[in-house]
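Worth knowing before you read on, the calculation uses all heavy atoms, side chains too, and leaves out hydrogens, waters and symmetry mates. Order of the sequence lines sets the chain letters (A, B, ...), proteins ahead of strands, with each chain counted from 1.
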2 protein chains.
Amino acid sequence: MDKQRHQVIIADDHPILLKGLHEFLADLGLEVIGAFHNGKDALDAIVDSQPPLAILDLEMPEMTGLEVAADCKKLGLKTRVILLTLHKELKFYQQAKELNISGYILKEFALNDLRKAIDTVLSGQEFFSEKLFEGLKKEDCLSDHSLTPSELKILRLIADGHSTKEIAEQLFISERTVDKHRSNIISKLNLEKKHNSLLIWAQNNKENLY
Amino acid sequence: MDKQRHQVIIADDHPILLKGLHEFLADLGLEVIGAFHNGKDALDAIVDSQPPLAILDLEMPEMTGLEVAADCKKLGLKTRVILLTLHKELKFYQQAKELNISGYILKEFALNDLRKAIDTVLSGQEFFSEKLFEGLKKEDCLSDHSLTPSELKILRLIADGHSTKEIAEQLFISERTVDKHRSNIISKLNLEKKHNSLLIWAQNNKENLY
DNA sequence: CTGAAAATAGGTATTTCTACGTATTGTTAG
DNA sequence: CTAACAATACGTAGAAATACCTATTTTCAG
């Protein structure tokens, strides 16, 4: 770790976690110039002080970590953002890649991983934990079934509780087409030949659909 | 806070949180004699040292906080257990009440709340945060609709993905009866008059059904 | 360019879910 | 006790989901 006193702003809505993070960063020799329990306050502080690094919880009241990062990018700040999260969900990861997120760490990771991430990001590189990707591959049941884009689109609408008719209207295609897609999806997912099995599956796996 | 050096064992699978908790307890003057990232190790340590207090995460690998508490009770240990959790779900709270859990705190609570909880529990009383109860009342959508026991039973089976026929067979009643119950449930819950609306509702609210 | 895969659309039939009735039997609180 | 409620059961009907077909048009890689 660089011995300079790098400044950092942190935010997490869980006080215990915020304290743990604060202490940990202090141990590493970083100077925590702000610790907040919501995204809005953190953003204000980041805009004021423009520190080289901000470590933010993904899920926070007022503003999420992603939203804060988006605003930082919009404002052209040089502050690098590492996101902390409980979830290794693909959708967040994809959103993160589109913004100026420099790192993405799961809260359950060892402190060592966090230290590595901070080193990497402060040196100007990106850090996306390998475990994060492993997890994605394993948890993304969709990748195994090679659903087509249309099938995936329809699956998401089913997960949102839409009926075949609604889906057809929304996508400007025939109900029969939707039927066919449903049928294909059921085959690919190897679902029971039972009523509503697709709906039930979609409802239970909606988190993995993005 | 009592100035005695009370001993305490802690466990949480999130390292940052574990560190935060450790530091916080140290600040309070407690002696943390063990910090673990899974329930099993924590239980072993509790059995060995029998401290007056253990603060455990509800969700951990190997053993959950509840399971550790259950074993402590089974072994007749005098160690009091405070559970930390992210979730204010009714079922966990109810389980907690049945065991020798002395406290139940949401992780998002202020450190002050945690301090109060520790004081209370170490003085021999129970601490279940008021906010926890508030949350329960509001989140428990079922209590508002006064579903009958049969209706609730059927609703749970629907949430488990069972069809009317399966439910009828399982409960030894006619399909028509199940139909009628479904109909009544839909009325009470004020659901849309749309196909599968009950199924979708049940799938999305299965956590609140116990 | 050509062939494979995907998306589109339709037909027919079955099963399931739901609505909206009625009606009988227990149970239980006032 | 009795009136209200819950649980039970049945009928009819329509909407929706699914299965199992065929068939055309697009798209895209080799």
Side-chain angles (χ1 to χ4, degrees), chain A residues 140-206 208-210, chain B residues 140-206 208-210:
Chain A
D140 184 11
C141 0
L142 278 333
S143 55
D144 303 335
H145 305 289
S146 62
L147 294 181
T148 66
S150 292
E151 286 164 353
L152 206 50
K153 204 191 304 171
I154 285 171
L155 196 46
R156 291 193 193 112
L157 290 168
I158 293 172
D160 282 340
H162 295 291
S163 69
T164 294
K165 183 181 277 184
E166 288 171 342
I167 294 170
E169 283 168 5
Q170 203 166 327
L171 299 181
F172 305 106
I173 59 179
S174 148
E175 287 182 47
R176 304 309 167 89
T177 307
V178 180
D179 277 347
K180 180 60 177 153
H181 283 306
R182 295 183 84 124
S183 182
N184 292 340
I185 294 168
I186 289 170
S187 308
K188 289 188 183 179
L189 295 178
N190 261 316
L191 299 183
E192 284 181 82
K193 294 192 172 184
K194 194 183 134 184
H195 234 77
N196 286 324
S197 54
L198 178 55
L199 176 57
I200 292 168
W201 187 92
Q203 293 286 322
N204 287 318
N205 293 80
K206 51 169 78 171
N208 300 88
L209 258 41
Y210 293 92
Chain B
D140 184 9
C141 356
L142 277 334
S143 54
D144 302 335
H145 303 290
S146 61
L147 294 181
T148 67
S150 293
E151 286 164 353
L152 205 50
K153 203 190 304 171
I154 285 171
L155 196 48
R156 290 193 193 114
L157 290 168
I158 293 172
D160 281 340
H162 296 289
S163 69
T164 294
K165 183 182 277 184
E166 288 171 342
I167 294 171
E169 283 167 7
Q170 203 166 327
L171 300 182
F172 305 107
I173 58 178
S174 148
E175 287 183 47
R176 306 307 167 85
T177 306
V178 179
D179 277 348
K180 181 61 175 151
H181 282 307
R182 295 184 84 122
S183 182
N184 292 340
I185 294 167
I186 289 169
S187 308
K188 288 188 182 178
L189 295 178
N190 260 317
L191 299 182
E192 285 181 82
K193 294 191 175 184
K194 196 182 133 185
H195 236 75
N196 286 325
S197 54
L198 178 54
L199 177 56
I200 292 168
W201 188 93
Q203 293 286 321
N204 286 319
N205 292 80
K206 52 169 78 170
N208 301 86
L209 256 42
Y210 294 93

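- The two residues Glu151(A) and Asn184(A) make their nearest non-hydrogen contact at OE2-CB, 3.5 Å.
- The only option from Ile185(A), Ile158(A), Leu155(A), Asn196(A) that meets the side chain to side chain contact (heavy atoms under 4.5 Å, CB included) definition with Trp201(A) turns out to be Leu155(A).
- Atom CD1 in Ile185(A) sits about 13 Å away from atom C1' in dA6(C), given to the nearest Å.
- The two residues Lys194(A) and His162(B) come nearest to each other via the heavy atoms NZ-CA, 4.4 Å.
- Distance, Asn184(B) CG to dA9(D) P: 14 Å, rounded to whole Å.
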- Task: Take Leu157(B) and Leu171(B), measure what side chain to side chain contact (heavy atoms under 4.5 Å, CB included) needs, and give me the verdict at the end.
- Result: CA-CA 10 Å; Leu157(B) 290 168; Leu171(B) 300 182; 4.0 Å; yes
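- Between Lys153(B) atom NZ and dA6(D) atom P there is a gap of 15 Å when expressed in whole angstrom units.
- Within the structure, a side-chain polar atom (N or O) of Ser150(B) is placed less than 4.0 Å from OP1 or OP2 of dA7(D).
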- Item | Sugar-phosphate or base contact per nucleotide [nucleotides 17-24 of chain D; S, B, -; heavy atom under 4.0 Å] | BBSS----
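- Taking atom CD1 of residue Ile173(B) and atom P of nucleotide dG26(C), one finds them 16 Å apart after rounding to whole Å.
- In the helix from dC1(C)-dG30(D) to dG30(C)-dC1(D), the rotation axis of the first five pairs and that of the last five pairs differ in direction by 50°, rounded to 10 degrees.
- Residues Thr148(A) and Lys188(A) form a side-chain contact, since some pair of their non-hydrogen atoms from C-beta on lies under 4.5 Å apart.
- For the side-chain contact (heavy atoms from CB on, under 4.5 Å) test, residues two or more places apart in sequence or in another chain that qualify with Ile186(A) are Leu191(A), Leu198(A).
- In this view, Ser163(B) and Lys165(B), Glu166(B) satisfy the side-chain contact (heavy atoms from CB on, under 4.5 Å) rule, not counting sequence neighbours.
- Going from atom CD of Glu175(A) over to atom P of dA15(D) covers 12 Å, rounded to whole Å.
- The backbone N or O of Glu192(B) lies less than 3.5 Å from a partner atom in the side chain of Ser197(B), making a donor-acceptor pair.
- For Thr177(A) and dA9(C), the shortest distance from a side-chain N or O to OP1 or OP2 is below 4.0 Å.
- Looking at Arg182(A), His181(A), Glu175(A) one by one, the single match for side-chain hydrogen bond (donor to acceptor under 3.5 Å, both in side chains) with Thr164(A) turns out to be Arg182(A).
- Residues satisfying the side-chain contact (heavy atoms from CB on, under 4.5 Å) criterion with Ser174(A), sequence neighbours excluded, are Arg176(A), Thr177(A).
- Scanning all heavy atoms of the two residues, the minimum distance from Ala159(A) to Ala202(A) falls at CB-O, 3.6 Å.
- Computed from coordinates, the Leu171(B) CG to dA7(D) P distance equals 12 Å when rounded to whole Å.
- Side-chain atoms of Arg176(B) lie closest to dG11(D) of the nucleotides dG10(C), dG11(D), dT8(C).
- Rounded to a whole Å, the CD atom of Gln203(B) is 14 Å from the C1' atom of dC17(C).
- Summarising the geometry, the separation between CG on Leu152(A) and C1' on dA6(C) is reported as 14 Å, rounded to the nearest angstrom.
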For nucleotides 27-30 of chain D, list the nitrogen or oxygen atoms of the protein found under 3.5 Å from its nitrogen or oxygen atoms, one pair per line.
none

